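Here is the structure we will look at, set down as structure tokens.
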Amino acid sequence: MIQKRTDIRNIAIIAHVDHGKTTLVDGLLKQAQVFRENQKVAERVMDSNDLERERGITILSKNTALTIKDPNSGEQVKVNVVDTPGHADFGGEVERVLNMVDGVLLLVDAAEGPMPQTRFVLRKALEIGHKAIVVINKIDRQDADTDRVLDETFDLFIELGATDEQTDFPVVYTIATHGHAGLTPELEDNLQPLFNTILEHVPCPEVDVDAPLQMLVTTLGYDNYRGLTAVGRVFQGTINANERIARIKTDGTIVSERIRYLHVQEGMARVDAEAVGAGDIVTIAGLEEVFIGETIADAENPIALPVITVEEPTVRMTFGVNTSPLSGREGKWGSSRKLRERLFAEVKHNVSLRVEETESADTFLVSGRGELHLAILIETMRREGFEFQVSSPEVIIKTDPETGKRTEPYEQVFVETSSETVGSVVELLGNRKGEMQNMEDMGNGTIRVEYIVPTRSLLGFRHHFLTATRGMGILNTLFHGYGDYQGVLKSKPKGSLVAFEGGVTNTYGLKNAEPRGILFVGVGVDAYQGMIVGEHQRPGDLDVNVCKKKKLDNMRTSFKEIDNDLTPHLNMSLDECIEYLSGDELLEVTPENLRLRKRVLNGNERAKILKQSKI
């Protein structure tokens, strides 16, 4: 018998990066009295991952729960809140968690309006059929324009094919940092208007508690005491602790398992439960094995739910055992066996990632949704103590089965820059075979430009973009789809400065190399032959001896001594290192250092290969 669970609401919060999504969740938790009055709570409590706190973005989808009182019925209502990533590279997280909720909060900045990453997540929510509550945040900004932002949001709904019912969305205005909200720009001193809007407009689950059990696994985790954990929504029936169930794999195979532990979310804590009914989000533990997309079903009457589908990867890199002369010095794990175990373990919970073995036993092909997606994996493994090397990213080329033509992925590029630098941006994207779709004057000296560009052209583009816009431009990309292959593109305009021999860098050697380009290393750094120590100011690579020492003798010199003052070297981040890589270069990743190197270390061998390629 179908019944409404008026005591539950399931919502997801979606927003562009840095529009205040995690800050708003903090306010909701505090005003729902999830924390004790004397409890010390960190800012952005949902960003529990170190990388999330450092980068200021949500990478992993997480859920929490708060209990509020319905002012109409007086009933206590549990609201399950799912925090979703704000970047399209982590779209795999978004696509699977939207299955758990019945509505979404669409958070937009009162000055910037709906941004590209908002477009991606909202499109997924509308395709599923979810209704949205639009939350216009940061209305205290000096350049806030709530009327314009509301019009842009409505236009976005129309553009994404929303139904008449979906376009009739309620609007709430907020200042998340202060915890204020209102149905008009005149705010109350609390978030109660937002709570009331959630209770009124997010539909409560309509479920059959007496039907055979069905639960879809959407997120995996690990508990040090209780082993593998799986999070998902119970779509029908009731799930009980210590109950025997059927686990239906994605290929239809049924495995008998026993649920040893059952948890529900209360605030940021997981609380033990004896039974959980349909409509709620639950965490189960104690299973021998489980994967995302599988169905936890009734043991006697197992019925599978539709399998979660995510978009295919568009970019790939090779991960291999570190083969540099400095390998084995800094990492804890460096063997091919450990690398293989770690990469295939990642695939279990990172559903948009693909790992394939290659002809070489110590090299693996890893495919993801973008450079950032793969960079986060590299940084995570590095912090776990792994030592390995990665190649430059390359796009995944496909062949159209009907026409036989080669196709490649394209990105929708959204740029905001000043009127003085927009010409440089247009020239950069034009040289990369981009097609302009729209140009708009924002009225405050800012120009917004929209392009369709081959993904290949954007690999390593961000550094040149920031230089052209003097560090003030904003660049966002969104996967557009596959299109015609554009042929050979222009290669990197500048070459690399490559260490001629191994040793320890010193002032004398670096000072002699400095006029040739921009250095990446300072004094006292271990170097080896074939290691990239800087960027050449001209096309083509140049061998330099940064370890060369000044000869000491008792003869006085008539020329002026070399000045010991060196220009500070460029200390590149992981993202910048990945962008810099060319096809014949590798990035050596260790817990302590990032080193750029040539794939072939010996200079004579590289010269032979280059000569043969020109024949």
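Values below: every heavy atom of this structure, side chains too, minus hydrogens, waters and symmetry copies. In this text the structure is predicted, and so the values were computed from the model without any measurement.
A donor-acceptor contact shorter than 3.5 Å links the side chain of His130 to the backbone of Leu98. Of the possible donor and acceptor atoms, none in the side chain of Thr167 sits under 3.5 Å from a partner among the backbone N and O of Phe154.
The side-chain tip of Arg340 points at the ring of Phe344 from less than 6.0 angstrom away and within 45° of straight on. In this structure, Arg233 is positioned above the aromatic face of Phe235, its NZ or CZ under 6.0 Å from the six-membered ring centre and within 45° of the axis.
A 4.5 Å side-chain heavy-atom check between Ile474 and Asn476 finds at least one atom pair inside the cut-off.
Ionic pairing of Arg247 and Glu257 is present here: one or more N-O contacts between side-chain nitrogen and carboxylate oxygen are shorter than 4.0 angstrom. Of the charged side-chain nitrogens involved, none lies within less than 4.0 Å of a carboxylate oxygen, so that Lys131 and Asp168 do not count as a salt-bridged pair. A salt bridge is defined here as a Lys NZ or Arg NE, NH1 or NH2 lying under 4.0 Å from an Asp or Glu carboxylate O, and Arg258 with Glu243 fails to meet this definition. With respect to Lys78 and Glu266, no salt bridge is recorded, no charged nitrogen being found less than 4.0 Å from a carboxylate O.
More than 12 non-hydrogen atoms from other residues, nucleotides or ligands lie less than 6.0 angstrom from NE2 of His201. In the displayed structure, Gln76 atom CD is contacted under 6.0 Å by more than 12 heavy atoms of other residues, nucleotides or ligands.
Aromatic ring centres of Tyr482 and Tyr410: separated by at least 6.0 Å. In this structure, Phe319 has its ring center closer than 6.0 angstrom to the ring center of Phe388.
Just one of Arg5, Arg9, Lys4 meets the side chain to side chain donor-acceptor pair (under 3.5 Å) condition when paired with Asp7; it is Arg5. Results of the side-chain contact (heavy atoms from CB on, under 4.5 Å) test with Leu194 over Leu199, Leu24, Leu183 single out Leu24 as the only residue that passes.
Between Gln192 and Asn196, the side chains place a donor N or O and an acceptor N or O closer than 3.5 Å (distance only, hydrogens not considered). For the residue pair Ser256 / Arg244, a side-chain donor-acceptor distance below 3.5 Å is found, with atom types taken as modelled. For Asn80 and Asp280, the side-chain atoms include at least one donor-acceptor pair closer than 3.5 Å. The closest side-chain donor-acceptor pair between Gln412 and Thr477, if any, does not fall under 3.5 angstrom.
Atoms CG and CG, on Leu213 and Asn301 in that order, are 10.5 Å from each other to the nearest 0.5 Å.
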